[in-house]
Structures are given as structure tokens and as C-alpha cells.
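Some notes on the structure that comes next.
All values derive from a computational prediction rather than experimental measurement.
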Amino acid sequence: MLTRPATVDAMERSAQRIGRALVVVVDDRVAHGERDDTTGPLVAELLEEAGFIVDGTVTVHAENVAIRNALNTAVIGGADLVITVGGTGVSPRDVTPDATHGVLDRPIPGIEEALRSSGLAAGAVDAGISRGLAGVSGSTLVVNLAGSRAAVRDGMATLSALVPHVIEELAGRVQEN
């Protein structure tokens with residue numbers, strides 16, 4: 001009898017695609033072409049490693065309408081997950097949570113709290129003081145991450161355990177006991 005090592009099963013699961021994702025970078029300087037985007041590609045890479053098909057990275061100005069349009073387009077387009085990066089702080093131009101609030105049908109405060117807590121514990125101050133939201137719009141999970149690479153790395157690590165379950169629930173593939 002041939003037995004497969006446990007690592008083969010783990011590899012098969014990781015090869016399965018969790019869903020489709022879109023990254024929205026909210027940064028005026030990147031949108032104006034004044035600096036290169038370093039966080040969007042990082043999020044896309046981490047999403048792909050986690051088993052997502054990344055539809056792309058969109059860069060928008062820090063304006064309510066631009067952010068809402070990007071989020072609504074992703075939801076209408078059938079994305080399972082949208083990660084926004086940037087614009088979650090307390091400055092007047094940090095409007096990502098405000099724009100996101102208008103798009104969400106249901107908030108998920110536990111994800112928001114986990115991101116702030118783990119970010120602060122990891123030393124990503126911008127993550128710790130982030131006003132970022134997480135919630136569901138239609139059947140799409142939307143999550144705001146703070147804009148630093150440290151906040152992105154920590155936020156994606158925190159989300160890796162939570163997001164697959166939420167997406168399974170939204171797709172109706174989780175059976176309640």
C-alpha cells in the first residue's frame with residue numbers, strides 16, 4: 001500500500017485557489033506618478049502566496065468618490081476579497097475608512113480589532129492607530145490596511161487565518177453545526 005506523506009496533502013490544499021482578489025492603493029503621490037508603489041505589489045504577492053488569483057492593483061487618489069468607485073467596481077466585478085492599502089490614519093487626506101463605510105453592508109469588527117492589535121504588537125504604529133474597516137459588501141470581503149510595508153506584512157499575516165473562512169461562509173460552503 002502506497003501512502004502519501006502529509007506534506008503532499010498540504011501542498012494540494014495550497015495549490016487550490018481561495019478566490020479572486022483586487023488590491024486598491026490609496027496614495028496621492030503614487031496616483032500622480034511622483035513615487036513608485038511599494039505596497040500594492042507586496043499585497044499582491046502575499047495574496048498569491050495565500051492562494052488567491054489577483055485580478056490586479058488599482059491606484060486611486062485619496063478622495064471618497066475615487067475610493068468608492070474602485071470598491072464598487074470590484075464588488076460588481078465579483079471579487080471575493082478587496083484589500084485597500086493606505087489612507088487609514090487621522091490626517092485630513094486619510095479618507096479610506098470613510099469611503100469604505102459607505103460601501104459595506106455589514107462590518108466585521110473582529111477583523112478590524114485583530115489588525116490593530118497585531119499591528120501595534122508588531123511595532124507598526126500606523127496599523128495600531130488605523131481607522132481601517134473590514135466588512136462585507138454583497139459577497140465581497142473588504143479590508144482596509146494601513147499604508148506602511150510593516151503594516152501590510154503584519155496585516156496580511158493576521159488575515160491569512162481569517163479570510164479563507166469568511167470567503168467560505170460568503171460562498172455558502174461552510175456548514176453550521
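Taking 4.0 Å as the cut-off between side-chain N and carboxylate O, D94 and R131 do not count as a salt-bridged pair. R20 and D80 are not joined by a salt bridge, as no carboxylate oxygen comes within less than 4.0 angstrom of a charged side-chain nitrogen.
By the 4.5 Å heavy-atom criterion applied to side chains, D27 and R35 are counted as neighbours. Residues V95 and E63 are not in side-chain contact: their nearest non-hydrogen atoms beyond the backbone lie 4.5 Å or more apart. Taking 4.5 Å as the limit, every side-chain heavy atom of I111 sits out of range of all side-chain heavy atoms of V163. Looking at F52 and I167, their side chains come closer than 4.5 Å, going by heavy atoms from C-beta outward. Contact annotation: the side chain of T140 approaches that of V142 to within less than 4.5 Å [non-hydrogen atoms, C-beta and beyond]. Within the 4.5 Å cutoff, no side-chain heavy atoms of V30 are placed close to those of D36. Put simply, the side chain of L47 reaches to within 4.5 Å of the side chain of M156, judged on heavy atoms. Counting only heavy atoms from C-beta outward, the side chains of L162 and I108 never approach each other to under 4.5 Å.
In the hydrophobic clustering of this structure, V143 groups with V152; members are Ile, Leu, Val, Met, Phe, Trp, Tyr whose side-chain heavy atoms approach within less than 4.5 Å, directly or through other members. Residues L42 and V26 are members of separate hydrophobic clusters, defined by side-chain heavy-atom contacts under 4.5 angstrom among Ile, Leu, Val, Met, Phe, Trp and Tyr. Hydrophobic clustering of Ile, Leu, Val, Met, Phe, Trp and Tyr side chains at less than 4.5 Å, counting indirect connections, keeps L22 apart from V25. At a threshold of 4.5 Å between side-chain heavy atoms, the hydrophobic network of Ile, Leu, Val, Met, Phe, Trp and Tyr places V54 and I83 in one connected group. V23 and V166 fall within the same hydrophobic cluster, where Ile, Leu, Val, Met, Phe, Trp and Tyr residues are linked whenever their side-chain heavy atoms come under 4.5 Å apart, directly or through other members.
Looking at T158, its side chain does come within 3.5 Å of a backbone N or O of D154 through a donor-acceptor pair. Looking only at distances, a side-chain donor or acceptor of S160 sits under 3.5 Å from a matching main-chain atom of A157. A donor-acceptor pair under 3.5 Å is formed between the side chain of S137 and the backbone N or O of V103. Distance alone, capped at 3.5 Å, places no donor-acceptor pair between the R106 side chain and the G135 backbone. Using modelled atom types, one side-chain atom of D126 and one backbone atom of S148 make a donor-acceptor pair closer than 3.5 Å. With hydrogens and angles ignored, the 3.5 Å screen pairs no side-chain donor or acceptor of E112 with any backbone N or O of L133.
Note that CZ of R149 is 5.0 Å distant from OG1 of T38, once rounded to the nearest 0.5 Å. To the nearest 0.5 Å, the span separating OG1 on T39 from CZ on R153 amounts to 11.0 Å. Note that OG1 of T59 is 12.0 Å distant from NE2 of H32, once rounded to the nearest 0.5 Å.
At most 12 non-hydrogen atoms from other residues, nucleotides or ligands lie less than 6.0 angstrom from NE2 of H101.
With no hydrogens or angles considered, no side-chain donor-acceptor pair links N144 and T96 at under 3.5 Å.
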>> Working note: V24 + V85, criterion side-chain contact (heavy atoms from CB on, under 4.5 Å); need CA distance, chi angles, decisive distance, verdict.
In response: CA-CA 6 Å; V24 178; V85 182; over 6 Å; no
>> Test side-chain contact (heavy atoms from CB on, under 4.5 Å) on V82 and L141; report intermediate values, then the result.
In response: CA-CA 6 Å; V82 179; L141 175 62; over 6 Å; no
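Residues that satisfy the salt bridge (charged side-chain N to carboxylate O under 4.0 Å, His left out) test with R68, not counting sequence neighbours, are absent from this structure.
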